[in-house]
Amino acid sequence: MSFARGQIMRHVIVGTGIAGTLAAETIRKFDPKSPIIILGGEPFFPYCRPMISMLLEGSVAPEEMAIREKEDFLSRDIELLLGESVREVNVLERKLETERGKVIPFDRLLIATGADPVKIQVDGCDLANIFTMRHREDAERMLKALPEVRRVLIVGGGLVGLKAAHALLARGTKVAMVEKLAHPLPLVVDGKSGAAISQRLEEMGVMLKMGVTVASFAGNGFVKEASLDDGSRVRCDLVVVAVGSRPAVSFLGKSFIRVNQGILVDSFLETDAKDIYAAGDVAEATDVVLNRRKVNAVWPVAAEQGIVAGMNMAGKRVVYRGSMGRNVLRIGDLDVLTGGLVNPPPNEGYDVLEDENRRRKTYRKLVFKGDVLKGLVMLNQVEKGGTLLSIIQRQIPVSMEKERLLEPGFDFSQLLPR
Amino acid sequence: MKEVVIHPERCVGCMQCMVACATAHSKTKNLLTALVESPLPKPRIHVGVGLYREGFPNRCRHCDPAPCMMVCLPGAIYRDETWNTVLINTERCINCATCAMACPFGVIRYHEDSLGPPEKTIAVKCDNCVDRQSRGLVPACVEVCKCGALTFEEQSSSLKRKTDEMARRVSVGAEDRGVVESPGFDLLNALKKANVELSGREASL
């Protein structure tokens with residue numbers, strides 16, 4: 001770290017998501033003077049991305065999705081350039097160029113561009129009314145199409161797919177969902193919870209097809225039908241493609257910033273290029289549970305990385321402990337909370353503890369390696385999930401009887417030394 | 001600034017703090033009438049059971065920085081600087097439970113609240129009784145605690161008391177004098193522990 005306290009640094013942040021926003025505010029907290037500029041590709045003030053399904057559902061208005069108001073930036077003297085996507089980063093000359101041709105020099109840069117939704121490349125995928133759901137404008141376009149829509153097909157049973165299903169059911173359309181793997185949320189829950197989620201979705205009226213995916217779409221201009229790879233057909237006049245997202249790194253090109261799945265960062269969230277940092281869905285930091293690099297594209301990780309990157313950029317050297325995948329969602333009256341490694345590979349020394357209580361309608365699964373908690377799935381009564389997740393995140397050996405962590409009466413106090 | 005301090009070694013698990021808390025956060029603020037309110041008022045302090053069946057009053061720590069506040073999707077959780085208290089904006093809360101993943105103490109609950117918007121499930125947690133405090137009252141859980149497990153004081157004075165306690169325990173001749181700060185509680189907790197250990201865990205549950 002080679003700069004004197006109080007030295008003016010030009011901080012540029014690319015991305016108006018939670019990572020970029022919190023990074024800017026954190027820099028300002030530690031550095032009252034340096035200029036801070038945030039570039040946002042979308043024309044909106046920072047908004048809460050996970051809430052776009054609520055916009056689609058109609059339970060929030062666009063202005064209720066704002067995570068910050070104009071005054072929040074004005075009062076902190078943070079400059080916001082909206083509608084400016086980055087075309088190129090010039091690492092050697094310390095400047096970047098936007099799509100509109102604006103050249104912006106920087107001393108410290110944070111890349112927090114998030115992720116792009118994955119598109120499916122099949123026949124007919126460019127028909128109208130086939131959407132991905134990542135940006136506010138996606139939800140707005142779907143809303144525009146909705147009056148003509150009676151049947152919806154959702155491709156992919158991940159979080160985005162489930163949220164889209166929930167929203168579109170509320171809008172009164174018929175909803176079908178296909179998922180390539182054996183159960184919904186295949187990457188974050190185990191088979192048992194997956195079955196419970198499937199059951200709940202079917203009770204809500206979703207027509208589920210597992211183990212299949214779309215082979216092609218057909219229609220005349222607008223999508224009317226999807227052919228699945230098991231030979232069956234599904235009628236639909238709107239399709240939501242929710243097959244995952246990939247870190248938005250296309251603009252990096254040959255910029256010397258090393259990219260694997262996401263932008264590789266060290267324990268200070270700094271990339272290979274000095275003074276250039278990355279945080280959020282675009283960054284590939286170390287996963288504390290797996291002890292290897294992984295993109296954990298979830299909101300809490302983006303928030304903590306934004307803060308840590310901001311501190312480091314402001315000259316407060318802080319080590320990032322590492323990320324951990326975690327999710328919580330409510331499907332009807334079923335609450336699901338998961339974190340860490342939930343489907344451990346066999347024969348690698350993992351122990352699994354489970355407890356199912358049909359009367360309470362609860363299920364808990366803990367994955368241990370030796371005395372260290374590695375993963376967690378909870379169905380219902382998820383209020384104390386945070387205690388277990390923080391045990392996972394710290395990777396501290398559990399000294400008490402492990403079965404006690406499964407009990408409904410498990411309480412924070414049991415972890416205290418007496 | 002005075003704050004609620006928890007002394008877990010003195011908790012007997014009577015749960016009166018829970019009743020007082022629910023009443024203080026009811027519409028009518030009276031136990032008898034609170035019982036017939038709809039929704040039924042719920043406590044924001046939760047007495048948990050320790051490994052030896054001791055009580056533990058678990059309550060929001062109003063952390064700074066607060067992990068729940070950091071992850072709140074709609075930005076509904078905020079810090080009230082006047083009362084040094086982490087509060088939830090009930091209108092903004094979307095009941096997404098992201099704060100349940102963040103709170104290491106597990107003190108946030110989700111239900112319709114007497115003081116929140118009607119028929120809306122929201123995140124509910126301790127608000128340090130800012131309403132009572134602004135009227136010159138101490139938080140309801142402290143007021144009702146009979147055992148001194150919950151006190152309302154300056155953190156510095158609480159720390160000083162604990163330091164003095166520790167100093168007396170290790171000072172020369174302390175063993176002869178048999179200095180015990182809260183003999184009744186020590187005995188009770190020792191008995192609970194012995195009971196659990198003698199009877200085996202299965203029988204005790």
Side-chain angles (χ1 to χ4, degrees), chain A residues 18 21-22 26 46-51 54 59-60 64-69 72 298-304 306-307 324 326-330 335-339 376 378 381-391 393-394 400-401 403-404 407 409-418, chain B residues 6 8-9 11 13 46-61 63 65-76 89 91-111 120-121 123-125 186 189-190 192-193 196 201-202 205:
Chain A
I18 190 65
T21 305
L22 284 176
T26 307
Y47 66 90
C48 177
R49 193 171 305 291
M51 279 169 80
M54 299 178 72
S59 54
V60 296
E64 290 175 286
M65 293 166 62
I67 49 173
R68 295 293 185 278
E69 312 293 335
D72 295 314
V298 292
W299 179 278
V301 168
E304 66 196 20
I307 291 170
M324 176 180 76
R326 68 202 103 149
N327 280 289
V328 65
L329 75 159
R330 303 183 189 272
D335 295 344
V336 184
L337 186 147
T338 74
L376 161 74
M378 284 174 114
Q381 295 189 11
V382 300
E383 293 87 352
K384 294 176 189 169
T387 306
L388 295 167
L389 288 179
S390 68
I391 295 173
Q393 197 169 28
R394 280 159 185 80
M400 63 191 270
E401 260 177 277
E403 285 77 10
R404 288 219 145 186
E407 288 169 9
F410 165 71
D411 186 78
F412 168 79
S413 66
Q414 297 177 358
L415 300 168
L416 297 176
R418 281 283 165 101
Chain B
I6 296 179
E9 72 283 1
C11 178
H46 311 279
V47 176
V49 183
L51 286 180
Y52 302 108
R53 315 199 79 189
E54 339 78 297
F56 180 84
N58 201 10
R59 179 184 179 281
C60 175
R61 272 55 163 191
C63 314
C68 58
M69 191 168 141
M70 211 162 86
V71 300
C72 178
L73 297 187
N89 179 330
E91 298 292 335
R92 288 200 84 140
C93 175
I94 57 169
N95 184 34
C96 61
T98 306
C99 47
M101 293 197 290
C103 177
F105 306 110
V107 293
I108 308 174
R109 297 291 180 273
Y110 304 86
H111 52 78
K120 184 185 173 194
T121 300
V124 181
K125 64 164 202 67
D186 282 1
N189 288 333
K192 280 181 176 171
K193 188 170 178 178
V196 167
R201 195 182 141 233
E202 294 311 315
L205 287 173

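Throughout, a chain's letter reflects where its sequence line sits, starting with A, and its residues are numbered from 1. Since the model is a prediction, treat every value here as computed from it, not as a measurement.
For B:Arg92, the side chain to side chain contact (heavy atoms under 4.5 Å, CB included) test picks out A:Glu69, B:Ala76, B:Asn89, with sequence neighbours left out. Residues meeting the side chain to side chain contact (heavy atoms under 4.5 Å, CB included) test with B:Lys125, sequence neighbours left out: B:Cys60, B:His62, B:Val86, B:Ile88, B:Ile108.
Both the backbone and the side chain of A:Glu383 have a heavy atom closer than 4.5 Å to some heavy atom of chain B. In this structure, the portion of A:Met54 lying under 4.5 Å from any heavy atom of chain B is its side chain and not its backbone. Looking at A:Arg330, only its side chain comes within 4.5 Å of chain B, counting heavy atoms on both sides. Heavy atoms of A:Ile307 lying under 4.5 Å from chain B belong exclusively to its side chain. Looking at B:Cys72, the atoms closer than 4.5 Å to chain A (heavy atoms on both sides) all sit in the backbone: N, CA, C or O. Proximity to chain B is absent for every atom of A:Gln393, based on heavy atoms less than 4.5 angstrom apart. For chain B, the nearby part of A:Ser390 is the side chain; its heavy atoms alone come within less than 4.5 Å. With a threshold of 4.5 angstrom between heavy atoms, A:Asp335 does not approach chain B through any atom at all.
Remark: the backbone N or O of B:Arg59 is paired with a side-chain donor or acceptor of B:Arg61 at under 3.5 angstrom.
Of the residues considered (B:Cys103, B:Pro67, B:Ala123), B:Cys103 shows the highest number of contacts with chain A, using heavy-atom pairs under 4.5 Å.
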Take A:Leu337 and A:Lys384 through the test side chain to side chain contact (heavy atoms under 4.5 Å, CB included) and record every step on the way to the result. CA-CA 10 Å; A:Leu337 186 147; A:Lys384 294 176 189 169; over 6 Å; no

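Here the side chains of B:Leu51 and A:Arg404 are in contact, with some heavy-atom distance below 4.5 Å.
The CG atom of A:Leu376 sits 7.5 Å away from atom OG1 of A:Thr338, with the distance rounded to the nearest 0.5 Å.
The aromatic rings of B:Phe56 and A:Phe412 lie tilted to each other, with the angle between the two planes from 30° to 60°.
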